[in-house]
Amino acid sequence: MIPVRCISCGKVVSAYFDEYQNRTAEGEDPKVVLNDLGVNRYCCRRMLISHVETW
Amino acid sequence: MEIDVKKKQENELVFIIRDSDLSFANAIRRICMMEVPKIAIEDVHMIKNESAMFDEVLAHRLGLVPLFSDSESAEALLIPSECDCEDQCPKCSVSLVLRKKGPGVVYTKDLSSEDSKIKPVYDTIPLLKLMEDQEVELEATARLGIGMDHAKWEPTTACAYKYYPHITIDEKCDQCQKCADACPRSVLEFDEKNNQIKVVDLENCSMCKSCVRVCDHKYITIGHKDGDFIFTIETDGSIPPEEVLIKACDVLSNKADKIITFCEGGN
Ligand code: SF4
Ligand code: SF4
Ligand SMILES: [Zn+2]
Ligand SMILES: [Zn+2]
C-alpha cells in the first residue's frame, strides 16, 4: 500500500495514487501526470514514482 | 509591516511580508505547524479485521487521513482538555464507522461520519485491501489536537519562508552572459536591446549563487533584504491556509498577552 502521506513533507500523495497508476499504465509520461496532479516537490514525486504495489 | 499576497489557491497561500523581522516570521511559521488545532482520528476500535494489514498499521493510516476542520465544520467541537467530560463525549469527539466486505480496495469514501461536515477531505485515499470473503469493521473516534502532540494534527504540509532576494550587478560587468546561462531558475536574462543583463524573475531566485560562481570577476552579488520574507503556507486541505494564518496570529497574541500579564506581576 502506498503511504498515506509523503514521508518528508506530509502532502497527502495517496489521494492521487489511483489516478497516477491508471494514467501511467496507459502510457502517459509520469512527469506530465505529476505536474497535472499538482505534485510539485521532489519529495512527493519520489513517493509515487518509486512505489511498487506488490499485491 | 506590509503584506502582499502573491498566490492564493484552495490549499496554498504565498505572500510577502515586508519590514518585519526573522523572529516574528519564524514564530508564525512554528505556530502554523504546531499549535493550530485540527481534527484527526485518535482512537480506533477494531471490531473485525480479517485483512492482511495489522490493526496498528490500519489505525495509523486512519490517523493520517485529513478531516475537514475549518472553523465552520469544527464549530461545535471542543478541545478535549477544555471539555468537562472525563475521557471523551460527543461534545469533544466525532465517531466514524468503516464497514466493508472484500474483495476490493477500501477507500476513505467508505468511511461514514456521524457529523456530515467532519469527513475526509479526499475520497480517494486507499486504506487497505481485502481479499475474497475478508471483512473489516471498525469504529474510529476523531478529536481536536495540535501538531506538537502528533504530526497528524498538523494542518500544514509545506510551511516555510525564505529571505527576499536582492541581486546587484556591478557597472563593470562585461555582459558575458555566463550568469544568465548558469541560473537554474531563469531569474537572469540578457536584454539584447539594451545590451545588459536583467533580473526578470527576482522572487523565483533561490539564492543558490550559481551565478556568482561563474562570474569571473564577481560582478554579480546575491544578498537579501533584511526584514522581507516570502512566506508559503500549504495545507493538507483540512483548513484553508488563510484561516491557519489567522488562527496562528491569535495564538501568538495570546502568548504575548500571557507574558505581559506575567511581567506586570499577575499570573
Ligand atoms: S542565486 Fe541562483 S537562482 Fe538566484 S539568480 Fe543566481 S543562479 Fe539564479
Ligand atoms: S557573469 Fe558576471 S560579467 Fe558576465 S554578464 Fe554576468 S555579471 Fe556580467
Ligand atoms: Zn513531499
Ligand atoms: Zn468531552
Side-chain angles (χ1 to χ4, degrees), chain A, chain B residues 7 9-12 14 32-34 38 40-41 51-54 57-68 102-109 111 120-132 134 147 150-160 232-238:
Chain A
M1 306 283 325
I2 179 117
V4 176
R5 289 168 182 255
C6 168
I7 49 178
S8 297
C9 74
K11 193 181 171 79
V12 193
V13 285
S14 59
Y16 310 111
F17 179 65
D18 279 5
E19 190 175 342
Y20 175 79
Q21 287 259 299
N22 293 339
R23 285 173 65 176
T24 46
E26 278 167 21
E28 246 185 282
D29 185 358
K31 179 178 164 183
V32 177
V33 183
L34 288 168
N35 287 347
D36 240 25
L37 294 170
V39 181
N40 297 323
R41 285 184 291 277
Y42 54 68
C43 57
C44 310
R45 289 168 93 93
R46 59 93 206 260
M47 296 301 294
L48 290 167
I49 292 171
S50 61
H51 180 74
V52 180
E53 195 81 341
T54 46
W55 60 283
Chain B
K7 187 164 135 201
Q9 281 170 350
E10 210 183 331
N11 292 339
E12 193 184 2
V14 180
C32 283
M33 297 195 311
M34 294 299 164
K38 186 195 128 170
I41 290 172
S51 75
M53 186 176 277
F54 291 118
V57 179
L58 178 54
H60 180 247
R61 287 181 75 85
L62 285 164
L64 292 174
V65 171
L67 306 172
F68 281 112
V105 181
V106 182
Y107 291 95
T108 35
K109 63 168 184 277
L111 268 172
V121 177
Y122 302 96
D123 283 340
T124 48
I125 302 172
L127 290 172
L128 74 158
K129 276 182 186 166
L130 293 171
M131 296 301 198
E132 187 83 38
Q134 287 181 342
H150 194 289
K152 68 185 172 186
W153 282 307
E154 257 183 61
T156 59
T157 49
C159 181
T232 307
I233 300 180
E234 190 198 76
T235 71
D236 59 7
S238 51

**Student:** Can a donor-acceptor pair be found, under 3.5 Å and without considering hydrogens, that links the side chain of B:Thr157 to the backbone of A:Gly10?
**Tutor:**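 Checking the backbone N and O of A:Gly10 against the side chain of B:Thr157, no donor-acceptor pair under 3.5 Å is found.
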
**Student:** Could you tell me which of B:Ala158, B:Ala151, B:Pro126, B:Pro120 has the largest number of non-hydrogen atom pairs under 4.5 Å with chain A?
**Tutor:**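 Of B:Ala158, B:Ala151, B:Pro126, B:Pro120, B:Pro126 has the most heavy-atom pairs under 4.5 Å with chain A.
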
**Student:** Report yes if some heavy atom in the side chain of B:Tyr107 is under 4.5 Å from a heavy atom in the side chain of A:Asp18; otherwise report no.
**Tutor:**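 Sidechains of A:Asp18 and B:Tyr107: in contact.
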
**Student:** Just so I understand: if I count every heavy-atom pair under 4.5 Å between each of B:Val57, B:Thr156, B:Leu64 and chain A, which residue has the most?
**Tutor:**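 Highest number of heavy-atom pairs under 4.5 Å: B:Leu64.
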
**Student:** With a 4.5 angstrom heavy-atom cut-off, is it the side chain or the backbone of B:Glu12 that approaches chain A, or both, or neither?
**Tutor:**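 Contact with chain A: none, neither part.
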
**Student:** Any heavy-atom pair between the side chains of B:Asn11 and A:Lys11 that's under 4.5 Å?
**Tutor:**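 In short, these two side chains do not touch, never coming nearer than 4.5 Å.
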
**Student:** Write down the atom of B:Ile125, the atom of A:Ser14, and the distance for their closest heavy-atom approach.
**Tutor:**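 Answer, listing the atom of B:Ile125 first, then A:Ser14: CG2-OG, 3.1 Å.
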
**Student:** Any chance NE2 of B:His60 has more than 12 other-residue heavy atoms, nucleotides or ligands included, within less than 6.0 Å?
**Tutor:**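 It does not: B:His60 NE2 has 12 such atoms or fewer within range.
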
**Student:** Ion pair present between A:Arg5 and B:Glu154, side-chain N to carboxylate O less than 4.0 angstrom?
**Tutor:**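 B:Glu154 and A:Arg5: not salt-bridged.
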
**Student:** Can you check whether B:Asp236 reaches A:Val12 side chain to side chain, under 4.5 Å on heavy atoms?
**Tutor:**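 The answer is yes, as the side chains (C-beta and beyond) meet within the 4.5 Å cut-off.
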
